[in-house]
Amino acid sequence: MTDPRILWAQVARAAVNWKLIAPLLIAVEALNWLAPASTSTMLTEIAILALFAASLNLLMSFGHMVSFGHAAYFGLGAYGFTLAVVRAGLPPEAALLAGPMVAALGGLIFGALCVRLTEIYFAMLTLACAQITYTVLFQWYDFTGGDTGITGFMTPRLGLSEAGYASFALWTVVLAVLALWVIVKSPLGLMIRAVGQDRARAEALGLGARKVQLTAFVIAAFFAGIAGTLYAVLHGSAFPDYAGLSLTLDGLIMVVLGGLNSFAGGIWGAVIYQLLSTFVPKVIHEWELVLGFVLLGICLAMPHGFVGLLKRLGLGRKGGK
Amino acid sequence: MDPILSARHIRKSYGAFVALRDISLDIPRGERHALIGPNGAGKSTFIACVAGQLSGVEGQMLFKDENVTALQPAALARRGIGRTFQISRAFLQMSVLENMMAAHVIASGRWASLSRAIYAERAERACAMLDTVGLADRARDRVADLSLGDRKRLEFGMALVGEPDLLLLDEPTAGMSIKERHALMEMVAARVDAEGRTLIFVEHDIDVVMKIAQRVTVMVRGAVLAAGTPAEIKANDEVQAVYLGGGH
């Protein structure tokens with residue numbers, strides 16, 4: 001009989017595959033420093049959106065909570081950082097922590113409302129909370145700058161070069177994704193999955209499902225807030241659109257594109273989505289048409305997304321998550 | 001008699017349909033108690049009431065002398081009521097061992113922990129429980145790939161992890177062969193006796209009921225028709241007429 005601890009290690013599969021990831025990161029860093037500045041900016045945006053999608057993926061793939069308002073926490077991160085600089089007078093370096101904290105606080109307040117309901121009603125509440133956030137950012141001219149946002153309050157990228165900031169953003173995102181991995185593989189992550197898969201069973205075992213869902217919601221908001229902060233620093237500005245429905249839909253598309261029910265799905269989805277949205281418009285003006293067909297193909301032929309394709313080709317982690 | 005559970009005038013209705021009418025029942029500590037009756041008798045509804053899964057329940061449910069009528073399932077589980085479901089419920093997309101480990105994490109109360117130390121601490125016990133319920137060789141398999149009988153076995157093992165004082169099993173042998181039914185329920189009886197637990201189970205296989213239960217309550221159309229030892233139930237003409245049909 002296999003030793004129980006070894007058996008658990010085989011089942012839990014918590015080890016990080018550095019043999020695959022390290023060369024990939026080195027390649028991205030090399031590209032960042034060797035390619036033109038526009039490539040560095042593109043890599044920065046890909047990394048930021050990968051973190052945003054990974055945070056949404058925590059809710060969707062593990063907690064089985066579909067959020068139609070995740071951009072709210074990206075926006076709260078961006079505005080948390082920006083307002084900490086503009087209104088509180090903090091230096092940008094110190095304000096970096098404010099963005100994720102504000103997003104997490106928003107997640108706590110809105111999450112406490114949303115987890116009272118399940119399924120489509122949960123999704124509609126997340127949408128309502130996001131629309132409230134967007135409207136406040138859009139209308140509160142005295143504080144948030146209203147529809148014109150807040151610009152010109154700092155040197156974009158903290159004064160770093162495009163490549164320098166891309167490197168900073170990339171490694172911040174790597175650390176954040178690793179933190180998400182640790183969470184998913186922890187007892188808390190197991191509980192998030194348990195409640196997502198069968199709430200009644202989890203409760204019958206003595207688990208307070210709402211507490212677990214709220215914790216997942218706050219964590220996802222925090223990491224979306226990091227992404228929003230990085231984005232605000234990249235452009236040295238914050239706009240209400242950062243919390244808009246459009247970004248939420250982008251996030252949902254990224255998760256589906258990459259593959260639901262897989263940790264890497266959101267990340268791969270963000271990479272593919274950003275590459276498509278960068279390069280396809282250079283060939284075809286209506287790039288959304290191409291995206292529509294890609295999504296159709298994914299949904300019909302590859303319900304497990306890009307990660308599912310990798311598995312089919314023998315290139316991904318076999319088994320579950 | 002020292003009842004671990006006392007149901008007092010329990011009534012539950014869904015609109016105009018009354019699922020339970022004035023059920024009063026005492027379950028002594030350490031007893032193996034069967035609920036039997038035709039489909040629609042209210043057996044599963046009663047189990048759901050005890051487990052706190054229904055709202056709008058009238059009457060009073062006392063568990064270990066505490067009024068638990070309004071408590072939620074998680075709170076009841078933490079007080080010592082474990083259960084399995086009529087339609088097996090487990091975490092389908094997880095492996096069998098992950099299911100058992102999830103039960104251990106919940107039982108430990110360390111659900112918010114980021115430390116994986118509990119996995120190392122509980123791996124041996126999780127595997128031992130899988131061995132007890134005959135699933136040791138399926139540890140790596142996804143629950144969705146298990147047979148119905150194996151899922152029921154897994155659920156039973158998971159329910160035991162929390163060391164419940166009262167165990168509610170809703171049709172634990174549904175979908176199993178006759179041999180499997182007897183084997184599972186003999187294992188269940190041995191386990192609950194050895195650990196001093198109380199068992200309430202809903203069962204349609206009368207042979208299993210007669211063999212395992214120390215007392216039986218017969219329910220018909222949301223009410224208690226009769227209660228007594230298996231021999232008394234067998235000899236009850238009304239029960240014979242309404243449910244057993246003279247075949248036993």
Side-chain angles (χ1 to χ4, degrees), chain A residues 1-16 61-64 116 178-216 218-219 260-262 304 318-321, chain B residues 51-53 72-79 81-85 88-99 101-120 122-128 130-131 136-137 139-140 142-143 155 158-159 161-162 164 168:
Chain A
M1 187 183 159
T2 315
D3 178 273
R5 292 181 190 198
I6 294 171
L7 183 59
W8 172 254
Q10 290 168 353
V11 167
R13 302 174 340 119
V16 176
S61 291
F62 297 95
H64 292 203
R116 299 177 72 83
L178 279 175
L180 277 171
W181 176 258
V182 168
I183 290 166
V184 164
K185 294 298 176 182
S186 72
L188 173 61
L190 191 64
M191 296 301 97
I192 293 171
R193 290 169 61 199
V195 173
Q197 289 181 29
D198 198 321
R199 186 189 178 109
R201 164 42 68 208
E203 287 178 333
L205 288 168
L207 185 64
R210 276 189 196 164
K211 282 185 198 167
V212 174
Q213 286 184 314
L214 181 57
T215 307
V218 173
I219 291 169
L260 270 170
N261 299 324
S262 115
H304 300 295
K318 289 182 179 60
K321 296 169 182 189
Chain B
Q53 270 157 334
Q72 296 295 306
L76 286 166
R78 288 194 290 269
R79 277 167 170 75
I81 297 180
R83 75 161 298 184
T84 67
F85 291 82
S88 164
R89 302 193 82 135
F91 310 123
L92 293 181
Q93 302 307 318
M94 290 187 199
S95 66
V96 169
L97 182 54
E98 281 176 306
N99 269 263
M101 191 61 89
H104 273 279
V105 170
I106 295 168
S108 74
R110 286 147 66 181
W111 65 268
S113 173
L114 293 180
S115 163
R116 294 183 205 159
I118 190 173
Y119 294 152
R122 299 279 183 135
E124 204 163 316
R125 285 161 67 182
C127 288
L130 287 184
D131 198 31
D137 58 341
R140 295 180 178 85
R142 234 170 32 126
V143 174
E155 259 203 299
M158 289 167 74
V161 169
L168 310 168

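The chains referred to below are lettered A, B, ... by the order of the sequence lines, with proteins before strands, and numbering in each begins at 1.
- For B:Ala51, no part sits under 4.5 Å from any heavy atom of chain A, backbone or side chain.
- B:Leu130 does not touch chain A: none of its heavy atoms, backbone or side chain, sits under 4.5 Å away.
- Taking a 6.0 Å sphere around CD of B:Glu124, one finds it holds 12 or fewer heavy atoms contributed by other residues, nucleotides or ligands.
- With chain A as the partner, the residue from B:Ala117, B:Ser108, B:Ala75, B:Ala90 showing the most heavy-atom pairs under 4.5 Å is B:Ala90.
- The part of B:Ser115 that comes within reach of chain A is its backbone (N, CA, C, O), which places non-hydrogen atoms under 4.5 angstrom from that chain.
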Pair B:Arg140-A:Leu7, side chain to side chain contact (heavy atoms under 4.5 Å, CB included): steps then yes or no:
CA-CA 8 Å; B:Arg140 295 180 178 85; A:Leu7 183 59; 3.4 Å; yes
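- Considering every non-hydrogen atom in both B:Ser95 and A:Val11, the closest pair reads OG-CG1, 2.9 Å.
- For the side chain to side chain contact (heavy atoms under 4.5 Å, CB included) test with A:Ser186, the passing option among B:Ile118, B:Val105, B:Leu114 is B:Leu114; the others fail.
- When every heavy atom of A:Pro4 is checked against every heavy atom of B:Cys127, the shortest pair comes out as CB-SG, 3.6 Å.
- Once rounded to the nearest 0.5 Å, the distance linking CD1 of B:Ile106 with CZ of A:Arg201 reads 9.0 Å.
- At a 4.5 Å heavy-atom cutoff, B:Gln72 makes no contact with chain A through either its backbone or its side chain.
- For chain A, the nearby parts of B:Ser113 are the backbone and the side chain; heavy atoms of each come within less than 4.5 Å.
- More than 12 heavy atoms of other residues, nucleotides or ligands lie within 6.0 Å of CZ in B:Arg142, so this atom counts as buried by the packing criterion.
- Summarising the geometry of B:Met94 relative to A:Arg193, their closest heavy-atom pair is CG-NH2, 3.5 Å, with the distance given to 0.1 Å.
- Using a 4.5 Å cut-off between heavy atoms, A:Ala9 makes no contact with chain B at all.
- Shortest non-hydrogen contact noted between A:Arg5 and B:Ala120 is NE-O, 3.4 Å.
- For the set B:His104, B:Glu98, B:Arg78, B:Met158, the count of heavy-atom pairs under 4.5 angstrom toward chain A peaks at B:Glu98.
- Closest heavy-atom contact between A:Ala204 and B:Arg83: CB-CG, 3.9 Å.
- Of all non-hydrogen atoms in B:Ala74 and A:Gly208, the two that sit nearest each other are CB-N, 4.2 Å.
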B:Gln93 and A:Asn261: CA distance, side-chain angles, deciding distance, side chain to side chain contact (heavy atoms under 4.5 Å, CB included) verdict
CA-CA 10 Å; B:Gln93 302 307 318; A:Asn261 299 324; over 6 Å; no
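- With a 4.5 angstrom heavy-atom cutoff, B:Ala126 does not touch chain A via any of its atoms.
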